[in-house]
Amino acid sequence: MLAFLSPLRRGALSAHATPLAVSVWPSRWTARNLQTASTAARGTFASLRDEDLQKLRQILGAKNVLTPQEVETEELARYNRDWMGKWEGRSAAILKPASTEEVSLVLKYANDHNLAVVPQGGNTGLVGGSVPVHDELVLSLLRMNAVEDLDQRSGIVTVQAGCVLENLDQYLAQHDFMVPLDLGAKGTCTIGGNAATNAGGLRYLRYGSLRGNVLGVEAVLADGQVVNSLSALRKDNTGYGLPQLFIGSEGTLGVITKLTILCPPRPKAVNIAFFACADFDRVQRTFALARQKLGEVLSAVEFCDRSAIDFVLKREAGTGVRDPLEEKHPFYVLIETSGSDGDHDEQKLHNFLEAAMGEESTVLDGVVAADETQARAIWRLREGVSDAMTTAGYVYKYDVSLPLPRMYELVEETRARLKEAGVEDTAKAAGYGHLGDANLHLNVTSLSGRDDKVHGLLEPWVFEWVSQAHGSISAEHGIGQCKPNFLHLSKADSAIQLMRTLKSALDPKGILNPYKVLA
Ligand code: FAD
Ligand code: MLT
Ligand code: ZN
């Protein structure tokens, strides 16, 4: 108990909060919202024939090949539509392999017969990368979900790609380890999908990128060749770093079937605090102070503006989640500490709070979670933004990194732009994200559904703004089918050319996730 936190209230949250559940069956899927697919014309791929189906059924077993003719519409939509309900393909068949060997046989067959394939994990990606654009075969990794090995001394886990992130984390928890990645979609996304998107998430600040934590990858190339780069060594400089090729490649260079991951020990003491700030300058100063005062125990620094919190509170009305602070404020900062010694961490938090509320005056009010239920409720205020804004209408979603001092300028200028065009009452902008990584999520929800006028106001303007500010047009979600046309704004032509060279070397026929990443 942090008894010395007198200026802050503890335990002001409802005890009824429940963990965020990300549904793969969102009620927001309406025809009104669906995007008129990608503008990419269908490639010269073959169409699936009966004899192809027969062969695929021989490889996978009849019940592991689903065709539109045999499956309920909603079941089919689960593989064809993305989580936001923005993109929908018409896959000729959903394939569900159970082993690396089956993935290899399927891809060899597809490559030999010029059939295009979309690898898919939990289908929670936010850039339309996981669903077909036309009639590509969906290769779902969900049956390949076993944890194969855990070295209890080093914390190196070997896991199949289709293992759901939360399940992997729960397995590791039994052995006092954790996955060095956490995100709002944890109950649905897979570790293979996380690696394929190089997902960032909520504790990147502490544990860094999957590019650093994934030690090895087993992947199947487009022609069915299995590449074993499944090293379980922290140090291994034997030539090119092949696992890196597949991490963040969004299923365009190979299908990840297995991974080795270096997992940190699970922290024994965790504190969550939620603060209000008067302006974004104070948000930044709170972050800087947290780094100074909390040092090695700091594990997350997230932020939301009031607009984002309003969406969550509306969405969560009646669930027990409520504003933990008495008054409304323009900005909120969530800070988490994780360590191995509760007393030590609390002392550090105390020092931080004294400075933040005292001589530095960076925060106006705040609350520290008194127990796990309250901690979850605070996290929900932040993790729930995506779902709340997507449910409220049609969401235009931007995931960018920027120099920290300019991070919120983009939200302000977006609002001004929407206002000038007279759409500010129906197109609501909010800013939130991973402050510790200078990763801004700018969402604009059009309350009346998809709106081409709003879209025209936002694109390419947002991407160009970010490029001119020397930021990245994709901090963590990837490129998918959403942003290939803007890739040049964050990557030099020479770099894009090398990406093309790699793509054609590994997948000469271009059957793996076509129309994605590279236009
Ligand atoms: P999918 O959506 O199925 O696929 C994503 C991409 O990876 C596709 O291009 C697909 O072809 C490819 N792919 C999938 N599996 C494989 C495989 N085995 N081999 C090769 N390619 C494969 N992202 C973040 O970075 N940070 C966040 O904080 C974050 N929070 C989120 C919160 C919510 C509520 C939601 C819905 C999404 C969030 N995301 C976040 C987006 C997202 O990228 C992740 O959810 C996740 O990494 C995708 O995993 P998945 O298994 O669902 O992959
Ligand atoms: C998040 O940080 O909440 C996720 O990346 C999802 C989103 O951007 O909406
Ligand atoms: Zn994010």
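Start at 1 and go down the list; that is how both ligands and their atoms are numbered. Values below: all heavy atoms of this structure, side chains included; hydrogens, waters and symmetry mates excluded.
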[Y] versus [X], side-chain donor and acceptor atoms under 3.5 Å:
X    : Y    : value
E250 : H477 : no
E101 : S104 : no
S140 : Q120 : no
E136 : S91  : no
E302 : W379 : no

Check whether any N or O atom of N443, backbone or side chain, sits under 3.5 Å from an N or O atom of ligand 2, and answer yes or no.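 By distance alone, the answer is no.
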Report yes if H441 has an N/O atom closer than 3.5 Å to an N/O atom of ligand 2; otherwise report no.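 Yes: some nitrogen or oxygen of H441 is under 3.5 Å from one in ligand 2.
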Hey, do the aromatic rings of [X] and [Y] have their centres closer than 6.0 Å?
X    : Y    : value
F275 : F331 : no
Y515 : H134 : yes
Y398 : Y396 : no

Kindly confirm or rule out an N or O of [X] lying under 3.5 angstrom from an N or O of ligand 1.
X    : result
T188 : no
W83  : no
G201 : yes
N123 : yes
T197 : yes
I256 : yes
N194 : yes

Mind checking whether M389 has a heavy atom under 4.0 Å from ligand 2?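 Contact absent.
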Any heavy atom of H477 sitting closer than 4.0 Å to ligand 2?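 The answer is yes: ligand 2 sits under 4.0 Å from a heavy atom of H477.
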Quick one: does [X]'s side chain have a donor or acceptor within less than 3.5 Å of a partner on [Y]'s backbone?
X    : Y    : value
S467 : L489 : yes
N198 : I247 : no
D169 : V179 : yes

Closest non-hydrogen atom pair, R415 against D305: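 Taking R415 first and D305 second, the nearest heavy atoms are NH2-OD2, 3.0 Å.
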Which heavy atom of G478 sits nearest to which heavy atom of V127, and what is that distance?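 Nearest heavy atoms, G478 then V127: O-CG1, 3.5 Å.
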Option among N513, V138, L137 that satisfies the side chain to side chain contact (heavy atoms under 4.5 Å, CB included) test with P132: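 One option only clears the test, and that one is V138.
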Counting heavy atoms only, which of [options] is nearest [atom]?
atom                    : options                : result
atom 33 (C) of ligand 1 : A185, G122, G121, G125 : A185
atom 14 (C) of ligand 1 : G193, G129, C163       : G193
atom 11 (O) of ligand 1 : G251, P119, S474, G184 : P119

I'd like to know whether NZ of K397 has more than 12 heavy-atom contacts from other residues, nucleotides or ligands below 6.0 angstrom.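 Atom NZ in K397 is packed in, count exceeds 12.
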G254 touching ligand 1 at heavy-atom level, < 4.0 angstrom: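 Yes, that is the case, since the closest heavy atom of the residue is under 4.0 Å from the ligand.
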Yes or no: does L126 have any heavy atom under 4.0 Å from an atom of ligand 1?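 True for this residue.
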With a cut-off of 4.0 Å, which atoms of ligand 1 are near a heavy atom of [X]?
X    : result
A161 : 18 (N)
L183 : 23 (N), 24 (C), 26 (N), 27 (C), 28 (O), 29 (C), 30 (N), 40 (C)
T190 : 50 (P), 51 (O)

Could you measure the distance from the CG atom of L457 to the OG1 atom of T414? Nearest 0.5 Å is fine.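 The OG1 atom of T414 is 10.0 Å from CG of L457, to the nearest 0.5 Å.
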For H434, which part has a heavy atom under 4.0 Å from ligand 1: side chain, backbone, both, or neither?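 Looking at H434 and ligand 1, just side chain atoms fall under 4.0 Å.
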Just let me know how N513 lines up against ligand 1, side chain, backbone, both or neither, with a heavy-atom cut-off below 4.0 Å.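 Just the side chain.
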Carboxylate-amine/guanidinium contact D507 K503, below 4.0 Å: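 Looking at D507 and K503, the cut-off is met.
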Can you list the atoms of ligand 2 that are under 4.0 Å from a heavy atom of [X]?
X    : result
L126 : 6 (C), 7 (C)
H434 : 2 (O)
R382 : 1 (C), 2 (O), 3 (O)
S386 : 6 (C), 7 (C), 9 (O)
K397 : 7 (C), 8 (O), 9 (O)

Considering the Zn ion (ligand 3), could you give the total of protein N/O/S atoms lying closer than 2.8 Å?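 If we list every protein N, O or S atom nearer than 2.8 Å to the Zn ion (ligand 3), we get 3.
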Relative to each other, are the rings of F280 and Y408 parallel, tilted or perpendicular (30° and 60° limits)?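 Taking Y408 first and then F280, their aromatic rings lie parallel (interplane angle under 30°).
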For Y332 and F274, take the angle between the two ring planes, folded into 0 to 90°, and tell me which bin it lands in: parallel under 30, tilted 30 to 60, perpendicular over 60.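 Judged by the thresholds at 30° and 60°, the geometry between Y332 and F274 is parallel.
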